[in-house]
2 protein chains.
Amino acid sequence: MSAKEENTLPMGMFMDLERSGPIPLYFQVSQRIEKAILSGELPAGSRLENEVALGQRLGLSRPTVRRAIQEIVDKGLLVRRRGIGTQVVHGQVTRKVELTSLYDDLTNTHKVPSTHLLTLENRVADAKTAERLSVAEGSPTLYIRRVRLADNVPVAVMENWLPEEFIGIEPSDLVAHGLYQVLRSRGVTMRVARQHIGARKSTNEESALLEIEKNSALLTMDRTAFDNSGRAVEFGQHCYRPDLYSFEVTLVEK
Amino acid sequence: MSAKEENTLPMGMFMDLERSGPIPLYFQVSQRIEKAILSGELPAGSRLENEVALGQRLGLSRPTVRRAIQEIVDKGLLVRRRGIGTQVVHGQVTRKVELTSLYDDLTNTHKVPSTHLLTLENRVADAKTAERLSVAEGSPTLYIRRVRLADNVPVAVMENWLPEEFIGIEPSDLVAHGLYQVLRSRGVTMRVARQHIGARKSTNEESALLEIEKNSALLTMDRTAFDNSGRAVEFGQHCYRPDLYSFEVTLVEK
DNA sequence: GACCTGATATTGTCAGGACAATTGGCCAAA
DNA sequence: TTTGGCCAATTGTCCTGACAATATCAGGTC
């Protein structure tokens, strides 16, 4: 009745692993499997070679192979079932929400991003900002307000507050690169972010900036991002044109 | 200059592990650590005992302890740094987006959910539905349209399409329980879901159902859910009152 | 005092093995 | 034909051991 697609594919011969390089073996393997899935070499429903055999064929231990597979399971591309094996999930694949800025998102989708910088100034933290950034109320912070455009069409109005140490960021940096790129170039690596996604009506000013009707629906996102050491490095309040931007989330039950 | 909070807490003595029970050891450990963080026993910024020592103290191997810690890192509550140790992240903790229905969300926040069933009927799949559910166009499907209320205030209008095998679900099931509860009781376990979150204006009918002004902003979410075997079991188009509902997402960079 | 250097601590990666739990199919018995 | 039980396949969990990479810190040298 049901097409079970029991084909255990040989999955090419990706034996060329870089054993001495800095890239972990499990990562090399997971990348190749993911690529094979996305390219269609491993079609939806097909079974992956079992962990032990795959390990022997690649000259890797089972934990390493297992970790590689787990990476892809966490992305929602594979499903493992005890006693059965590991299968490629059905359904078309979509990109997962990741810790990226809008700038990265746009370049990934081959649109040309640009920035209209509205405000770049020092501000003392009010109660809300202080709480979100975990700094004392009244501390100096850097306030940024920008309009983001994709192919010269306005997509989002973005407000950001950064802690004291980033005071000194130049307007030219923000116009040429995304905020996250600027932060990375200053040695900051974002590690955890908490986002809140909602909706509301646009103000008249926002309508004008985004070139939409007054009282339109806006998609909003608040985000606080933390670096390696758990310190808050960015707090942002963004609003997006819902006809041009939306969020994709892939959830995997464990 | 920076308060480094170097306290390596003893973290109580949770030596009472159930070694013969069905609950994995790593899960028991991760649960207790998570509880200690949420309860404030392990304050933000404090360092966790190192993996080797923790393993010795609990009588566990390092991989087991490591996996327990990794679970919490994936939830965004801990950050590990090589050469340094593992620390509790700063910032208040929020609940993560999980694979749950609105019904579950509401009961978890101690509100009283109820349902107003608008439509429950068989429909043949149109092109969009067929593609999302991976069935043939024209196949029979079950169509459900409901208004969800929390404490008797309307929160969302939800449309769902289910594949043929679920035809037979009774109105009484849907009024008494959430859709996901009904599916679980029929032996279906959701495993992967792809969500699309956006915004738009409300129609007049939706405004009336949700008891809001005409042309209000709505938060929308489309979802396709897949079960263990990767088969699509639900496709839904929902819209929420943005003043009563929003999405929280915690992202962790790996 | 400033800077380099090495020791130490801690997590990251990988190997190899062992047993448990679950699923599906085969085969025999009713 | 149907039902039940046994067996093989596969993933889940856990252990021990080893070495690599990276950050901190103390100490010595200039």
Side-chain angles (χ1 to χ4, degrees), chain A residues 1-2 4-6 8 17-31 46-74 78-88 187 189 191 227-230 253-254, chain B residues 1-2 4-6 8 17-31 46-74 78-88 187 189 191 227-230 253-254:
Chain A
M1 179 162 295
S2 61
K4 286 201 173 181
E5 284 140 309
E6 290 289 344
T8 302
L17 294 173
E18 189 78 44
R19 292 196 88 93
S20 55
I23 305 155
L25 293 173
Y26 75 86
F27 188 75
Q28 295 182 44
V29 175
S30 73
Q31 288 265 300
S46 63
R47 271 180 51 199
L48 205 65
E49 198 174 351
N50 80 68
E51 295 172 353
V52 190
L54 192 56
Q56 283 188 345
R57 200 159 60 79
L58 299 180
L60 296 173
S61 70
R62 191 179 158 212
T64 302
V65 173
R66 191 172 167 73
R67 177 160 182 188
I69 294 175
Q70 190 60 45
E71 295 271 319
I72 309 172
V73 171
D74 290 340
L78 287 177
V79 177
R80 32 181 18 154
R81 279 186 291 166
R82 177 187 312 206
I84 306 294
T86 307
Q87 285 177 301
V88 181
T189 51
R191 204 53 167 275
D227 73 353
N228 279 334
S229 63
E253 188 77 3
K254 290 175 184 172
Chain B
M1 179 163 295
S2 61
K4 287 202 175 182
E5 283 139 313
E6 290 289 343
T8 301
L17 294 174
E18 190 77 46
R19 293 195 87 92
S20 54
I23 305 155
L25 292 172
Y26 75 86
F27 188 76
Q28 296 182 45
V29 174
S30 73
Q31 288 263 300
S46 61
R47 271 182 50 200
L48 205 66
E49 197 173 351
N50 79 67
E51 295 172 354
V52 189
L54 192 55
Q56 284 186 346
R57 201 160 59 79
L58 299 180
L60 295 173
S61 71
R62 191 179 157 213
T64 303
V65 173
R66 191 172 167 73
R67 176 160 183 188
I69 293 174
Q70 191 60 44
E71 296 270 318
I72 310 173
V73 171
D74 289 341
L78 288 177
V79 177
R80 31 180 20 153
R81 277 187 293 167
R82 167 184 328 204
I84 306 292
T86 307
Q87 286 178 301
V88 180
T189 51
R191 203 53 166 274
D227 72 354
N228 279 332
S229 64
E253 189 78 1
K254 290 175 185 174

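Just the heavy atoms: all of them, side chains too, but no hydrogens, waters or symmetry mates, feed the values below. Owing to the predicted nature of the structure, the values given are computational and were not obtained by experimental measurement. Lettering of chains follows the sequences in order, A, B, ..., and the numbering in each one begins at 1.
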**Request:** Please confirm whether the backbone N or O of B:Ile23 pairs with a side-chain atom of B:Glu18, one donor and one acceptor, at under 3.5 Å?
**Result:** no
**Message:** With a 3.5 Å distance limit and no angle check, can you tell me whether A:Glu71 reaches the backbone of A:Phe27 through a side-chain donor-acceptor pair?
**Reply:**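 Looks like no, no N/O pair under 3.5 Å.
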**Asked** Of all heavy-atom pairs between B:Arg57 and B:Glu49, which one has the smallest distance, and what is that distance?
**Response**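 Taking every non-hydrogen atom into account, NH2-OE1, 2.9 Å.
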Return no unless some side-chain N or O of [X] is found under 4.0 Å from OP1 or OP2 of [N].
{"X": "A:Ser61", "N": "C:dG17", "value": "no"}
{"X": "B:Arg80", "N": "C:dG12", "value": "yes"}
{"X": "B:Thr86", "N": "C:dT11", "value": "yes"}
{"X": "B:Tyr26", "N": "D:dC14", "value": "no"}
{"X": "B:Thr64", "N": "D:dT13", "value": "no"}

Please state how far atom [atom1] in [X] lies from atom [atom2] in [N], giving the value in whole angstrom units.
{"X": "A:Ile23", "N": "C:dT13", "atom1": "CD1", "atom2": "P", "answer": "13 Å"}
{"X": "A:Asn50", "N": "C:dG24", "atom1": "CG", "atom2": "C1'", "answer": "15 Å"}
{"X": "A:Glu51", "N": "C:dA15", "atom1": "CD", "atom2": "C1'", "answer": "15 Å"}
{"X": "A:Gln56", "N": "C:dA15", "atom1": "CD", "atom2": "C1'", "answer": "14 Å"}
{"X": "B:Arg67", "N": "C:dT13", "atom1": "CZ", "atom2": "C1'", "answer": "17 Å"}
{"X": "B:Gln70", "N": "D:dT13", "atom1": "CD", "atom2": "P", "answer": "15 Å"}
{"X": "B:Leu25", "N": "D:dG12", "atom1": "CG", "atom2": "P", "answer": "17 Å"}
{"X": "A:Ile84", "N": "C:dG24", "atom1": "CD1", "atom2": "P", "answer": "4 Å"}

**Asked** A:Arg82 or A:Pro24: which one's nearest nucleotide on DNA chain C is closer to the 5' end?
**Response** A:Pro24
**Prompt:** On DNA chain C, nearest-nucleotide positions of A:Val65 versus B:Ile69: which is more 5'?
**Reply:**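 That would be B:Ile69.
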**Complete:** Result for side chain to side chain donor-acceptor pair (under 3.5 Å) between A:Gln87 and one of A:Arg81, A:Arg80, A:Arg47 points to A:Arg81
**Asked** Going through the checks in order, is the side chain to side chain contact (heavy atoms under 4.5 Å, CB included) test met by B:Val29 and B:Val65?
**Response** CA-CA 7 Å; B:Val29 174; B:Val65 173; 5.6 Å; no
**Prompt:** Donor-acceptor pair under 3.5 Å: do we get one between B:Arg62's side chain and the base of C:dG12?
**Reply:**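 In this structure, the two groups form a donor-acceptor pair.
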**Asked** When you measure from the side chain of B:Val52, which nucleotide among D:dC15, D:dT13, C:dT11 comes out closest?
**Response** C:dT11
**Message:** Closest approach to the side chain of A:Arg66, judged atom by atom: which nucleotide of D:dT10, D:dT13, C:dG12 is it?
**Reply:**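 Taking heavy atoms from C-beta onward, the closest nucleotide is D:dT13.
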**Asked** More 5' along DNA chain D: A:Pro63 or A:Gly83, using each one's nearest nucleotide?
**Response** A:Gly83
